[in-house]
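Report on one structure; see the data block that follows.
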Amino acid sequence: MFRSLFFSAFLFFFLSTISFATCSAPSQPGVRICSPTPNSTVAYVPLIDFNSTPAFGAQITRYIVYDNSKKIVEGPQGEAGGSLQAAQVFNGVHHLTINAWDTQGNLYQAKEVFNVIGDGYPIPCAKPSSPGINFCAPTAGAILSVDPEFSATARGLSKITTIRLYVDGKSPVERVNSPELTVGAPMGSQGNHTVAFVAWDSGGHVFKSTRVLHASYTYGFQDCLVPSQPCGPGFDADSTPAPNDYVGKTFTINADVQMNPNAI
């Protein structure tokens, strides 16, 4: 029911994979980025969908995707593009660059700027410099799904023995003998929710950090990755745009119905 730090790490690596592009290749030699659209705002996890066309008689030998000048994926020889669920592309402004090379030595490049909001917070969470709790994620005022990731780290006057998360006064999870807690926990519904981290040290001192968070959208992509919660009949998890995504003035629609009980 709740995602642990182990599952979060698993999810990070699992989602940071690439499949065949749904974006059509450009008609002239070059690189095309279909998603995200220029200057758009998208919910985490962002989909980067692109394709490329080599010079006449040539083939694409490889491509590299850069996010804010950092390489996040390199494609294999012979692949001209792909659809990347980029779990390592967190909240904030991103400068996307995609380079592709063909067998004639030509370099093709496409660039784009977009913004990510929602549940995309990097982990782990740094320990505060003085006794108290560093409530890392989500930040106040964030646009969240109803099932976000929470992260905090505590420092006590002595060793932290327990750190606990409360959502609307209920404690869904705690961690003992550790100052850090990162976990996904449902807020249950859209609207405002009071979320608090409480920690105790071995001397009996109590530390607390509370904020009001607003759940704005539902986002079910991750549900299909949990073996105990397989996707039922309906639209595939890779359908784009994702539910309640933020998109630009133009955007690509991709849908695929799976496990349907009767023929379409």
Side-chain angles (χ1 to χ4, degrees), residues 8 11-26 28 30-53 60 62-75 79-100 107-123 136-145 147-149 214-222 225 235-255:
S8 299
L11 188 63
F12 175 88
F13 289 109
F14 190 87
L15 286 178
S16 301
T17 56
I18 197 163
S19 58
F20 291 108
T22 59
C23 178
S24 60
Q28 299 296 322
V31 178
R32 168 184 290 157
I33 300 174
C34 291
S35 177
T37 53
N39 301 308
S40 62
T41 296
V42 298
Y44 181 84
V45 179
L47 171 70
I48 299 175
D49 192 26
F50 62 97
N51 213 334
S52 58
T53 297
I60 296 295
R62 67 176 179 138
Y63 61 77
I64 299 179
V65 180
Y66 297 91
D67 170 54
N68 290 339
S69 300
K70 180 181 179 180
K71 183 171 76 171
I72 59 174
V73 68
E74 181 172 347
E79 292 291 339
S83 293
L84 171 66
Q85 292 286 350
Q88 67 272 60
V89 177
F90 298 111
N91 291 353
V93 176
H94 294 270
H95 296 262
L96 177 68
T97 301
I98 300 177
N99 292 339
L107 166 64
Y108 308 105
Q109 186 178 83
K111 294 185 176 182
E112 199 163 288
V113 178
F114 64 98
N115 184 45
V116 177
I117 61 172
D119 299 346
Y121 294 95
I123 53 175
C136 290
T139 58
I143 298 175
L144 303 170
S145 72
D147 187 17
E149 194 96 346
H214 185 81
S216 300
Y217 65 99
T218 58
Y219 189 47
F221 174 79
Q222 297 175 354
L225 301 181
F235 286 107
D236 179 30
D238 290 329
S239 298
T240 57
N244 297 294
D245 251 357
Y246 290 77
V247 299
K249 293 181 180 179
T250 61
F251 57 93
T252 300
I253 297 175
N254 176 53

Side chains of D67 and H94, donor plus acceptor under 3.5 Å: yes

Look up atom [atom1] in [X] and atom [atom2] in [Y], then write down how far apart they are to the nearest 0.5 Å.
X    : Y    : atom1 : atom2 : result
R62  : E79  : CZ    : CD    : 15.0 Å
L84  : S35  : CG    : OG    : 10.5 Å
C23  : I48  : SG    : CD1   : 12.0 Å
I117 : I143 : CD1   : CD1   : 3.5 Å

Go through the structure and list residues passing side chain to side chain contact (heavy atoms under 4.5 Å, CB included) with [X], not counting sequence neighbours.
X    : answer
T139 : Y121, A142
N39  : V113
T53  : A25, P26
S24  : R32

Do you know the tightest heavy-atom contact between [X] and [Y]?
X    : Y    : value
S83  : A21  : OG-CA, 3.7 Å
P138 : L144 : CB-CD2, 3.6 Å
S145 : A215 : O-CB, 3.8 Å
F114 : T37  : CB-O, 4.4 Å
Q109 : V31  : N-CG2, 4.1 Å

Using a 4.5 Å cut-off on heavy atoms from C-beta on, say whether the side chain of [Y] contacts that of [X].
X    : Y   : value
N99  : Y66 : yes
D49  : I33 : no
I72  : I64 : no
K71  : V65 : no
Y108 : S52 : no
F50  : Y63 : yes

Among residues at least two apart in sequence or on other chains, which ones pass salt bridge (Lys or Arg N to Asp or Glu O under 4.0 Å) with K111? none

For N51, enumerate each residue passing the side chain to side chain donor-acceptor pair (under 3.5 Å) test, keeping only those at least two apart in sequence or located in another chain. none

Using the six-membered ring wherever Trp is involved, compare the ring planes of Y44 and F90 and label them parallel, tilted or perpendicular (cut-offs 30° and 60°). parallel

Check for a donor-acceptor pair, side chain of N115 on one end and backbone N or O of V42 on the other, with a separation under 3.5 Å. no

